[in-house]
Protein chains: 2
Amino acid sequence: MMNYENILREHNLKATNQRVGILSIMEQKGHISIEDLYSKIKLDFPSISLATLYKNMHAMLKNELLTEIKVENSKTHFEIASNNHAHLYCEKCRELVDLDIEFKKLNNEILKDSGFLLNKTNLTFSGICIACQGV
Amino acid sequence: MMNYENILREHNLKATNQRVGILSIMEQKGHISIEDLYSKIKLDFPSISLATLYKNMHAMLKNELLTEIKVENSKTHFEIASNNHAHLYCEKCRELVDLDIEFKKLNNEILKDSGFLLNKTNLTFSGICIACQGV
DNA sequence: TTATAAAGGAAAAAAATTATCCTTAACGAA
DNA sequence: TTCGTTAAGGATAATTTTTTTCCTTTATAA
């Protein structure tokens with residue numbers, strides 16, 4: 001388990017108990033929606049306000065401690081920021097899975113073709129995972 | 001300009017004037033948010049209800065006449081379905097641009113690595129477009 | 001034509017997100 | 001440690017976005 005107090009401070013954010021709680025749930029879960037996060041964090045902080053949760057998510061997104069994942073037909077999910085990677089989304093069980101991919105080649109191609117100054121590559125594959133194919 | 005009456009019927013949807021209006025705006029615009037689409041379609045159908053717009057977007061998404069594009073820090077956009085392609089999103093002018101990419105190699109790799117039964121590849125690059133780099 | 005099933009529109013309801021305002025807590029400086 | 005400042009928390013209301021309901025109107029096939 002990571003030391004979220006320090007990570008928060010390194011990102012110029014006060015290390016509040018609520019934020020540490022949010023981050024440790026996120027570490028456990030990998031990817032999570034606001035809705036699920038709220039019901040989980042309320043177990044540790046019964047009085048936490050949904051507004052607080054939203055404010056924290058925005059603050060942590062802005063300071064690049066979190067990343068937002070948007071997938072078709074699914075609620076926005078969040079994850080702790082790390083190396084840029086792809087996601088696999090199962091349309092059946094609605095689970096998100098990380099997938100490490102080498103973006104360099106792809107990004108260079110885009111840069112060459114479009115002249116875009118690339119900031120982030122967002123790659124999500126939707127389909128049916130192995131487990132759900134059997135069912 | 002395409003014949004939207006027929007396209008709608010081919011997708012098992014009634015060809016209403018409102019739907020044809022929506023589709024012709026979408027053809028013009030390429031990518032559009034509900035908000036922008038609503039203000040445009042109201043010029044042609046002043047009494048159209050926002051609920052009608054949402055209901056139509058859902059119906060057309062479900063019947064695969066439209067596609068949804070979700071990008072970080074941006075509202076959901078819609079486009080008329082066509083060959084699977086990538087998108088470039090400029091964080092400055094907030095414009096979306098199509099980018100034709102060959103997904104076969106990428107998709108085969110994913111299939112091999114994950115066993116996923118792929119349905120759709122969603123690829124969006126965020127950054128600054130050439131025009132906005134100069135500013 | 002005409003029957004019927006689907007779509008439109010108005011309004012309300014629900015869900016998601018953001019703002020306001022006062023209280024509380026984090027944290028650097030003394 | 002204590003204290004002062006500033007940011008964060010929490011309750012609530014307000015917005016914004018999306019969905020539902022219910023009745024009227026329209027598209028389409030017989």
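Labels below follow one simple rule: chain letters A, B, ... track the order of the sequence lines, proteins then strands, and each chain is numbered from 1. Hydrogens, waters and symmetry mates play no part in the numbers below; they use all other heavy atoms, side chains included.
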Once you round it to whole Å, what is the distance between [atom2] of [N] and [atom1] of [X]?
X	N	atom1	atom2	value
A:I34	D:dT17	CD1	P	17 Å
B:H77	D:dT17	NE2	P	13 Å
B:K75	C:dA16	NZ	P	17 Å

Quick check against the 3.5 Å criterion: does [X] have a side-chain atom that pairs as donor or acceptor with the backbone of [Y]?
X	Y	value
A:K70	B:K70	no
A:N63	A:L65	no
A:N122	B:L123	no
B:R19	B:L8	no
A:T52	A:I48	no
B:S74	B:V71	no

Strand-adjacent residues in residues 7-19 of chain A, judged by heavy atoms under 4.0 Å from DNA chain D: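 Per residue number, the list reads A:K14, A:T16, A:Q18, A:R19.
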DNA chain C contacts made by residues 52-73 of chain B, counting heavy atoms under 4.0 Å: B:T52, B:K55, B:N56
Strand contacts (DNA chain C) in residues 38-50 of chain B, 4.0 angstrom heavy-atom criterion: B:S47, B:I48, B:S49
Non-neighbouring partners of A:H87 that pass ring pair (Phe, Tyr, Trp, His ring centres under 6.0 Å), sequence neighbours left out: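 Checked A:H87 against ring pair (Phe, Tyr, Trp, His ring centres under 6.0 Å); matches are A:H31, A:H85.
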Between the first and last five pairs of the helix from C:dT1-D:dA30 to C:dA30-D:dT1, the angle of the axes, rounded to 10 degrees: 40°
With sequence neighbours excluded, residues passing side-chain hydrogen bond (donor to acceptor under 3.5 Å, both in side chains) with B:H58: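 Once residues adjacent in sequence are excluded, B:H58 has no partner under the side-chain hydrogen bond (donor to acceptor under 3.5 Å, both in side chains) criterion.
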Residue pair B:Y4, B:E27: steps toward the side-chain hydrogen bond (donor to acceptor under 3.5 Å, both in side chains) verdict: CA-CA 10 Å; B:Y4 291 117; B:E27 182 181 26; 2.9 Å; yes
Verdict with supporting geometry, A:E91 and B:N119, side-chain hydrogen bond (donor to acceptor under 3.5 Å, both in side chains): CA-CA 9 Å; A:E91 292 162 356; B:N119 176 34; 2.9 Å; yes
Using a 6.0 Å cut-off, check whether atom [atom1] of [X] has over 12 heavy atoms from anything other than its own residue.
X	atom1	result
A:K120	NZ	yes
B:N83	CG	no
B:K92	NZ	yes

